[in-house]
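Just so it is clear, the model here is predicted, and its values are computed rather than measured. Chain naming here is simple, since letters A, B, ... match the order of the sequence lines and numbering starts at 1 in each.
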There are 2 protein chains.
Amino acid sequence: MFLEDDLKAARAAEIAHALAHPARLQILESLAAGGVYVMDLTRTLGRRQANISQHLAVLREAGLVRAEREGMAVRYTLRREAVGQLLALLDSLAADLPLRAVGRRRRCRGRRGRR
Amino acid sequence: MFLEDDLKAARAAEIAHALAHPARLQILESLAAGGVYVMDLTRTLGRRQANISQHLAVLREAGLVRAEREGMAVRYTLRREAVGQLLALLDSLAADLPLRAVGRRRRCRGRRGRR
DNA sequence: GGAGTATATTCGTAATATCGAATAAGGAGC
DNA sequence: GCTCCTTATTCGATATTACGAATATACTCC
């Protein structure tokens, strides 16, 4: 799939990149439950409005969410349901991932012994 | 899932980040078909050995792949099959993503009134 | 031990991401 | 028009990433 189509690989990488930030994952999770307004996100996530808006721009440009004006506010919704499946998969992977993966630790390289 | 667990969100973001590069997606796709050696990847992907090794390190630290020495070579395999499902989902999303998402273009959002 | 092969890491640099502060822009209501 | 509320964008500083080149490490064979 990606090996023979560089453009598709680039698109997929952009999508993955859009997912690659805790705040954006939380935004998407909020959206998965139904459309929400930006103001709700700033309260829920405890981040500056500008910051939320910046993250939303990343998600928008990746094609993962859609923005619709409703009067003064803007309602965001997931553009595809596959996004919800992606979240679920990431969640399950994150759940049973060995601790080592996160803490930026020294890495234990085979250092031979084992094998 | 991520809203109430910052650590899990961070892990999931790290996993997504590991996926967020065309070369790493291609590496994972190669691995999905069965273990491969680094030398194979350098040939298949047409990248420098050091570069492949650097990308493999990212995948390793994210817990997505496992490295096993086999004599002089090192064989890499997917650590979890959920990774294959992630790839498939990314592929389908990338397939029907509107073009606009990739080209870093000026963004055309509803902008309704055409300003 | 030495030479050769396969893989990993370090270093320097250019490109990119993240964040807050400030500012701009859309819309409602007066 | 002006003001308030909501959201978006720009700017500047800092941090992180990607890459090649060079170097280091692990292993095999002689």
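- The side chain of A:R69 lies closest to C:dG27, out of C:dG27, D:dC19, D:dT9.
- Rounded to an integer number of Å, the gap from CG of B:L19 to C1' of D:dT17 is 16 Å.
- B:F2 has its side chain out of reach of A:L28: every pair of non-hydrogen atoms, C-beta onward, lies at least 4.5 Å apart.
- The nucleotide whose nearest atom lies closest to any side-chain atom of B:S53 is, among C:dT9, D:dC27, D:dT7, C:dT9.
- Of the candidate nucleotides C:dG4, D:dA8, D:dC19, D:dC19 has the atom lying nearest to any side-chain atom of B:H21.
- Across the protein-nucleic acid pair, A:Q26 atom CD and C:dT18 atom C1' stand 15 Å apart, rounded to whole Å.
- The neighbour count for B:E4 CD, taken as heavy atoms of other residues, nucleotides or ligands under 6.0 Å away, is above 12.
- Contact annotation for A:M39: backbone-only contact, meaning every heavy-atom pair under 4.0 Å involves sugar-phosphate atoms and none involves a base.
- Shown here for B:R79 and B:G63, the closest heavy-atom pair between the two residues is CD-O, 3.0 Å.
- Counting distance only, with no hydrogens placed and no angle test, the side-chain atoms of B:Q49 and the base atoms of C:dA6 include no donor-acceptor pair under 3.5 Å.
- The local environment of CD in A:E81 is sparse, with at most 12 non-hydrogen atoms from other residues, nucleotides or ligands closer than 6.0 Å.
- For the pair B:R48 CZ and C:dT10 C1', the computed distance is 17 Å after rounding to whole Å.
- In this structure a side-chain-to-backbone donor-acceptor pair under 3.5 Å is missing from A:E29 to A:L87.
- Among the heavy atoms of the strands lying under 4.0 Å from B:R24 are primed sugar atoms or P, OP1, OP2 only; no base atom is included.
- The CD-P distance, from B:E61 to C:dA8, rounds to 12 Å in whole Å.
- Taking atom CG of B:L45 as the reference point, atom P of D:dA18 lies 15 Å away to the nearest angstrom.
- OP1 and OP2 of C:dA6 both lie 4.0 Å or more from every side-chain N or O belonging to B:R43.
- When distances are taken from the side chain of B:H55 to each of C:dA6, D:dA8, D:dC19, the shortest belongs to D:dC19.
- Remark: of the listed residues A:L64, A:L19, A:L59, A:L59 is the sole one forming a side chain to side chain contact (heavy atoms under 4.5 Å, CB included) with A:R24.
- Counting only heavy atoms from C-beta on, B:Q54 has its side chain closest to C:dT10 among D:dC5, C:dT10, C:dA21.
- Remark: B:Y76 is in phosphate contact with C:dA8, judged by side-chain N or O atoms under 4.0 Å from OP1 or OP2.
- Summarising the geometry, the separation between CZ on B:R47 and P on D:dA18 is reported as 10 Å, rounded to the nearest angstrom.
- Positionally, the nearest nucleotide of DNA chain C for A:N51 lies more toward the 5' end than for the other of A:N51 and A:M72.
- Where B:A20 and A:I52 meet DNA chain D, the nucleotide closest to each residue was compared, and A:I52 sits on the side nearer the 5' end.
- Side-chain proximity of A:H17 to D:dT7, C:dA17, D:dC19: nearest is C:dA17.
- When rounded to the nearest whole Å, the span between CD of B:E70 and P of D:dA26 equals 18 Å.
- One can place CD1 of A:I27 at 13 Å from C1' of D:dT7, the figure rounded to the nearest angstrom.
- Within the nucleic acid shown, A:A50 comes within 4.0 Å of at least one base atom, counting heavy atoms only.
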